[in-house]
Number of protein chains: 2
Amino acid sequence: MAVKKAVFREVGTGKEPAVDSTIVNLRSKLEIYKAMSNGGNLADCPVRDVMQGLSGKWSSLLMGALAEQPYRFGELRRLVPDISQRMLTQTLHELQRDGYVHREVFPTKPPSVEYSLTDLGRSMFGALHQLILWAELNHDAVRQARAGFDAARA
Amino acid sequence: MAVKKAVFREVGTGKEPAVDSTIVNLRSKLEIYKAMSNGGNLADCPVRDVMQGLSGKWSSLLMGALAEQPYRFGELRRLVPDISQRMLTQTLHELQRDGYVHREVFPTKPPSVEYSLTDLGRSMFGALHQLILWAELNHDAVRQARAGFDAARA
DNA sequence: TAGTGCTGGTCTCTTTTTGAGACCACCACC
DNA sequence: GGTGGTGGTCTCAAAAAGAGACCAGCACTA
């Protein structure tokens, strides 16, 4: 294997020489992260903002359930037995706020509440689904990597 | 708009009548959630297991950065200025453990450490990228939904 | 008519996770 | 001998998550 040089690159310090071809070339590759970080304006970053709402422990699971069909509150509670009622309320509320989930109250006695995906929610779940499928297919590889890592450091 | 009936469905209680066509039809649609919940065996669920590792606040951001090029520890710290050193160490450690990230120490003085994506990591990021692109494209819709929701309840 | 159960929540308390920042050893440079 | 840069760990405070009690309203049952 060729010996890699551990070159001390200067990144993001704002002190780079203006005309350094190495850095220019390097910078041109930073497309994904730039998008994810809104080019340094971290406070108002689109990707980060949206991803944040999906990164909760229960968000993707509830989206998966609602992608199949609408559910009532109590149904979701039974379907996902290890979620606390507090987190179910809260996660559904966040998903509703971000426009992925529609909440409808029916005037039954007692009143029942049905949650369903909006068009935006279905659209988003299309992308999320890719990740879920990947997880399903590659679970063994991840588990194996994890086992190997734990074995190596033991 | 047609009046929706708030039918009290029985789901997951284990008490359903054995031959109820409504429920059978309902059950047949539960493909995505079944995959996500491993059919009730929640403790050892592939999708949940993998998603958990990606749902951290910083995981996807660091994956996005490393998808562009390898970075050294200090570079990542400067690139993502609002991550604490502790969370950077920890998140990289988790990503390494799950097999997405490779960690290589160079015998420089002082020693430098380079982080890069593995093949598994690049594969996973392909799927994650779909979600990132969606977020980029639909950020306005999400922000609008959020604003509308906040306005309605004020 | 009193008890029980179901609805969809909220409230409080404890535990877990995250964040901010001090601290560390090592070495080069001046 | 001070300063700065390397990649961390450690401690302590703040924020988030989880467990479970509690609530009002109504239907059904005894």
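All values below come from the heavy atoms of this structure, side chains included, with hydrogens, waters and symmetry mates left out. Throughout, protein chains are lettered first and strands after them, A, B, ... in sequence-line order, and every chain is numbered starting at 1.
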| Length of the NZ-P vector between A/K109 and D/dG25, whole Å | 11 Å
| query | Should we count CD of B/Q144 as having more than 12 external heavy atoms under 6.0 Å? | reply | no
Within the sub-3.5 Å range, which N or O atoms of nucleotides 18-24 of chain D have a protein N or O partner, and how far apart are they?
from	atom 1	to	atom 2	distance (Å)
D/dG18	OP1	A/K57	NZ	3.0
D/dG18	OP2	A/W58	NE1	2.9
D/dG18	N7	A/R86	NH1	3.2

| task | May I have the distance from B/L88 (atom CG) to C/dT17 (atom P), rounded to whole angstrom? | result | 19 Å
| said: Could you check whether any side-chain N or O of A/E75 sits under 3.5 Å from a backbone N or O of A/R72, counting only pairs where one atom can act as donor and the other as acceptor? | reply: yes
| task | Starting at atom CZ of B/F73, determine the distance to atom P of C/dC26, rounded to an integer number of angstrom. | result | 19 Å
| query | Do the rings of A/H93 and B/F149 sit parallel, tilted or perpendicular, given the 30° and 60° boundaries? | reply | perpendicular
| note | Per-helix bend value, the helix from C/dT1-D/dA30 to C/dC30-D/dG1, C1' rotation axes over five pairs per end, 10° rounding, shows 20°
| In whole Å, what is the span from the CZ atom of B/R77 to the P atom of D/dG7? | 7 Å
| task | Would you indicate which nucleotide in C/dT10, C/dG8, C/dA28 comes nearest to any side-chain atom of A/T89? | result | C/dT10
| message | Can you see if the side chain of A/Y71 gets near the phosphate of C/dG8 - specifically, an N or O under 4.0 Å from OP1 or OP2? | response | no
| query | Would A/L137 and A/F125 show up in the same hydrophobic cluster when neighbours are defined by side-chain heavy atoms closer than 4.5 Å? | reply | no
| Which nucleotide in the list C/dC6, D/dT6, C/dG8 gets nearest to the side chain of A/R103? | C/dG8
| field | Residue list, side chain to side chain contact (heavy atoms under 4.5 Å, CB included) with A/E136, at least two apart or on another chain | value | A/L133, B/A35, B/V47
| field | Presence of salt bridge, A/D98 and B/R143, under 4.0 angstrom | value | no
| remark: Walking DNA chain C from its 5' end, the first of B/Q90 and A/Y115 to be reached, judged by nearest nucleotide, is A/Y115
In residues 51-66 of chain B, what donor-acceptor pairs under 3.5 Å come from side-chain atoms, sequence neighbours left out?
from	atom 1	to	atom 2	distance (Å)
B/S55	OG	B/Q52	O	3.0
B/S59	OG	B/G53	O	3.4

| Test side chain to side chain contact (heavy atoms under 4.5 Å, CB included) applied to B/Q85 - qualifying residues, sequence neighbours left out | B/F73, B/R77
| query | Hey, is the side chain of A/R72 poking within less than 4.0 Å of OP1 or OP2 on C/dG8, counting only N and O atoms? | reply | yes
| request: Take atom CZ of B/F106 and atom C1' of C/dC27, then tell me their distance rounded to the nearest Å. | output: 19 Å
| field | Under the salt bridge (charged side-chain N to carboxylate O under 4.0 Å, His left out) test, residues paired with A/R103 that sit two or more places apart | value | none
| query | Rounded to whole angstroms, how far apart are CD on B/Q96 and C1' on D/dG7? | reply | 14 Å
